[in-house]
Amino acid sequence: MTAVAETNEAGGDAAAARSARLRHLIVTVYGLYARRDGGWLSVATLIRLLADLGVDEPAVRSAISRLKRRGILEARRHEGAAGYQLSAEALAILREGDARIFRRGRATLADGWLLAVFSVPETERHRRHVLRSELARLGFGMVAPGVWIVPAHPGDATAETLRRLGLDSYADLFHADHLAFGDPAGKIRRWWDLDELDRRYESFLRAHEPVLRRWAQAGPAGTQVEAFADYVRVLTDWRRLPYLDPGLPAELLGEDWIGIRAAEEFFAVRSLLEEPARAYVQQVISG
């Protein structure tokens, strides 16, 4: 799963933020629960599930319309029921995102680095912007103009993503090691905005550590619908973070780095809520 090209509206006002938040929640629901059925959910099911998240029907229908206009959802009837399915492009992006969002391990120094070296003609400046944006979304930091870097995680999807977007002809990818000159632990703060990442992880923990504490105390007493609502909210906030965090080696960050603690919290919530949440959704889908 990933954000599927969903961004907040310009201006940052409260209404735009709520609208974007709702679209992110819908994409999370589709990514978690629709893909086994080809990416389709009935409108009635989606309205019921979003009601459990405190969203009313008119807001859901408005958000669906926007996702349809953006090419994320497509209208389709199934056995007489009106509904929407994920587009082929959205399905591909979600597949690529799964490994990143649910990846528990961080890279190690022994894994080395992945370098992207690219050159785009001045006449295709728009493609340069798309390429830079995509590399940033994949966690790359800029070493120099045209030279970007990310830890070389096993199973990295950069090549597949650039090929899917038709950007592979502009770039070369290299597996590399840092051999000399300077301390990588210092350089990474020039290549990535780790201060901003720290703030985002702090915000995630403030919002969702109480969820983990509540469920750790409640145990089996918690209901499936509560598990669904909490898990969707937590995952919606979490799934952006692995695209901002390049997964740098812990050796360069320190064992007490806040991103490591945030990941532990997320996966603890996931282990508690994933199955009861899925069981609830299956009951709703089955009617």
Side-chain angles (χ1 to χ4, degrees), residues 1-8 20 23-24 26-28 30-32 34-35 38-39 67 70-74 85-108 111-121 124-176 188 191-193 196-197 200 235-249 259 263 266:
M1 294 179 60
T2 184
V4 194
E6 271 291 284
T7 57
N8 286 353
R23 295 194 300 276
H24 290 307
I26 291 174
V27 171
T28 297
Y30 265 92
L32 282 172
R35 284 187 284 171
L67 291 169
R70 296 178 183 205
I72 295 170
L73 295 179
E74 299 172 345
Q85 66 183 19
L86 291 161
S87 66
E89 179 74 3
L91 282 167
I93 294 172
L94 288 170
R95 282 195 299 270
E96 291 172 2
D98 285 343
R100 191 180 193 102
I101 291 168
F102 298 116
R103 179 177 64 202
R104 300 202 62 157
R106 306 187 72 81
T108 68
D111 292 326
W113 302 89
L114 180 65
L115 292 183
V117 180
F118 64 87
S119 177
V120 182
E124 298 182 73
R125 281 179 294 176
H126 66 290
R127 300 293 282 170
R128 183 188 307 147
H129 172 74
V130 172
L131 179 54
R132 287 173 173 169
S133 298
E134 195 62 29
L135 289 175
R137 191 185 71 84
L138 291 170
F140 279 76
M142 188 176 71
V143 177
V147 181
W148 290 52
I149 189 170
V150 76
H153 295 277
D156 180 85
T158 299
E160 178 183 347
T161 300
L162 296 184
R163 192 175 297 115
R164 175 175 57 80
L165 296 174
L167 299 170
D168 50 306
S169 62
Y170 302 105
D172 289 290
L173 300 179
F174 300 90
H175 188 273
I188 59 174
W191 300 339
W192 290 277
D193 187 354
E196 174 62 20
L197 187 57
R200 288 177 179 259
L235 180 55
T236 297
D237 288 345
W238 172 259
R239 63 187 174 88
R240 297 184 184 187
L241 292 171
Y243 280 87
L244 301 172
D245 182 351
L248 293 164
F266 167 72

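Values reported hereafter were calculated over all heavy atoms of this structure, with side chains retained and with hydrogens, waters and symmetry mates removed. What you are looking at is a predicted structure, and each value in this text was computed from that prediction instead of being measured. The first residue in the sequence is number 1, and the count goes up from there.
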Visitor: Does any part of the side chain of L115, heavy atoms only, come nearer than 4.5 Å to the side chain of L173, both counted from C-beta?
Guide: no
Visitor: Is the shortest heavy-atom distance from the side chain of W113 to the side chain of P151 under 4.5 Å?
Guide: yes
Visitor: Between H153 and P246 (side chain of the first, backbone of the second, donor and acceptor by atom type, cut-off under 3.5 Å), is there such a pair?
Guide: yes
Visitor: Yes or no on side chain to side chain contact (heavy atoms under 4.5 Å, CB included) for I93 and R164, after CA distance, side-chain angles and deciding distance?
Guide: CA-CA 10 Å; I93 294 172; R164 175 175 57 80; 3.7 Å; yes
Visitor: D98 and side chain to side chain donor-acceptor pair (under 3.5 Å): which single residue from R35, R239, R103 fits?
Guide: R35
Visitor: For a quick test of reading the model, state the closest non-hydrogen atom pair linking E134 to L167 and the distance between them.
Guide: CB-CD1, 4.4 Å
Visitor: Report yes if the side chains of L165 and E89 come closer than 4.5 Å at any heavy-atom pair, otherwise no.
Guide: yes
Visitor: Check whether any side-chain heavy atom of R137 sits under 4.5 Å from a side-chain heavy atom of T161, and report yes or no.
Guide: yes
Visitor: Do you know which two heavy atoms are closest between W192 and I149, and how far apart they sit?
Guide: CZ2-O, 3.1 Å
Visitor: Which class fits the ring pair F266 and W238: parallel under 30°, tilted 30 to 60°, perpendicular over 60°?
Guide: parallel
Visitor: Do you know which two heavy atoms are closest between G247 and D245, and how far apart they sit?
Guide: N-OD1, 2.8 Å
Visitor: List the atom of S87, the atom of G71, and the distance in Å for their closest heavy-atom pair.
Guide: OG-O, 2.7 Å
Visitor: What do you reckon, is CZ of R200 surrounded by more than 12 foreign heavy atoms closer than 6.0 Å?
Guide: no
Visitor: Measuring from Y170:OH to L131:CG, what's the distance to the nearest 0.5 Å?
Guide: 9.0 Å
Visitor: So, the side chain of R106 versus the backbone of L248: is there a donor-acceptor pair under 3.5 Å, distance only?
Guide: yes
Visitor: Restricting to non-hydrogen atoms, name the atom on T108 and the atom on P249 that form the minimum distance, rounded to 0.1 Å.
Guide: C-CG, 3.8 Å
Visitor: How close do F140 and A116 get, heavy atom to heavy atom, and via which atoms?
Guide: CE2-CB, 3.7 Å
Visitor: Within a reach of under 6.0 Å around NE2 of H175, are more than 12 heavy atoms found that belong to other residues, nucleotides or ligands?
Guide: yes
Visitor: Just how far is it from atom CG of L67 to atom CZ of R23, taken to the nearest 0.5 Å?
Guide: 6.5 Å
Visitor: Should P242 and F102 count as side-chain neighbours, where that means a heavy-atom distance under 4.5 Å?
Guide: no
Visitor: Nearest 0.5 angstrom please: T158 OG1 to L135 CG, how far?
Guide: 7.5 Å
Visitor: Is a donor on one side and an acceptor on the other found under 3.5 Å between the side chain of R100 and the backbone of L138?
Guide: yes
Visitor: Can you tell if the side chain of Y30 reaches within under 4.5 Å of the side chain of I72, non-hydrogen atoms only?
Guide: no
